[in-house]
Enquirer: 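Would you mind keeping the following structure in view while I ask a few things?
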Amino acid sequence: GAVVSQHPSWVICKSGTSVKIECRSLDFQATTMFWYRQFPKQSLMLMATSNEGSKATYEQGVEKDKFLINHASLTLSTLTVTSAHPEDSSFYICSAPRTGKAFFGQGTRLTVV
Amino acid sequence: DAKTTQPTSMDCAEGRAANLPCNHSTISGNEYVYWYRQIHSQGPQYIIHGLKNNETNEMASLIITEDRKSSTLILPHATLRDTAVYYCIVGVGFGNEKLTFGTGTRLTIIP
């Protein structure tokens with residue numbers, strides 16, 4: 001069964017609004033989680049590293065004020081896309097490490113209209 | 001992270017073995033080879049990983065060359081459900097690291 005759960009699986013929002021995506025580790029603790037973004041027909045691109053109890057680390061070119069990451073507990077990281085625009089429409093995926101491997105959530109399809 | 005090179009796409013007949021190659025000529029001595037796959041509109045799924053010995057699990061086999069500069073993922077009896085993009089990634093193996101995904105190989109299983 002899934003060890004990392006993401007919610008929602010898909011969301012449609014209006015331009016200018018904010019959207020929150022949750023990533024939960026099931027039955028294990030994750031002090032670190034990772035957020036990726038994937039555009040159609042492209043590979044996964046790492047956006048940021050989410051650290052429990054401290055600030056997230058963002059990859060070059062990713063706006064930290066637009067993509068807010070909160071890792072308030074050992075089993076939950078959230079990604080909030082603020083003031084979403086159509087160009088933010090993408091597939092967002094989180095991962096958490098366990099037993100030396102990375103486990104991924106099922107992904108969230110965000111469509112901004 | 002060491003870079004990997006994979007063919008863009010491959011076809012394989014259903015029921016046959018699918019052999020997916022990966023070059024990782026700059027791999028470091030402490031880096032593992034990981035394979036993940038991504039079925040359309042889903043998150044990546046872990047398949048197998050290895051350091052230098054060949055590995056086998058219920059999903060696949062991993063053959064790593066003696067010089068560790070390349071490897072092959074083998075799906076012994078491919079089914080239609082194996083159609084996916086397969087990613088070969090190298091990393092130090094603790095899981096607590098960011099992964100760099102290349103373009104992967106799009107494997108299509110032909111009925």
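A note on names: the letters A, B, ... follow the listed sequences, proteins ahead of strands, and every chain is numbered from 1. As a basis for the values below, the full set of heavy atoms in this structure was taken, side chains included, without hydrogen atoms, waters or symmetry mates.
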Enquirer: Using a 4.5 Å cut-off on heavy atoms from C-beta on, say whether the side chain of A:F67 contacts that of A:W35.
Expert: no
Enquirer: Output yes when a side-chain donor or acceptor of B:T105 lies under 3.5 Å from a complementary backbone atom of B:Y86, and no otherwise.
Expert: no
Enquirer: Report which part of A:L44 has an atom under 4.5 Å of a heavy atom belonging to chain B: side chain, backbone, both, or neither.
Expert: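 Looking at A:L44, backbone and side chain both touch chain B.
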Enquirer: Does any heavy atom of chain A fall under 4.5 Å from the side chain of B:Q45, the backbone, both, or neither of them?
Expert: neither
Enquirer: If you measure only the distance, is there a donor-acceptor pair under 3.5 Å linking the side chains of B:Q38 and A:Q38?
Expert: yes
Enquirer: Side chain, backbone, both or neither: which part of A:E59 has an atom under 4.5 Å from a heavy atom of chain B?
Expert: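 Side chain only.
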Enquirer: What option among B:G43, B:P44, B:S41 has the most heavy-atom pairs under 4.5 Å with chain A?
Expert: B:P44
Enquirer: Would B:T65 and B:D67 count as having a side-chain donor-acceptor pair, cut-off 3.5 Å?
Expert: yes
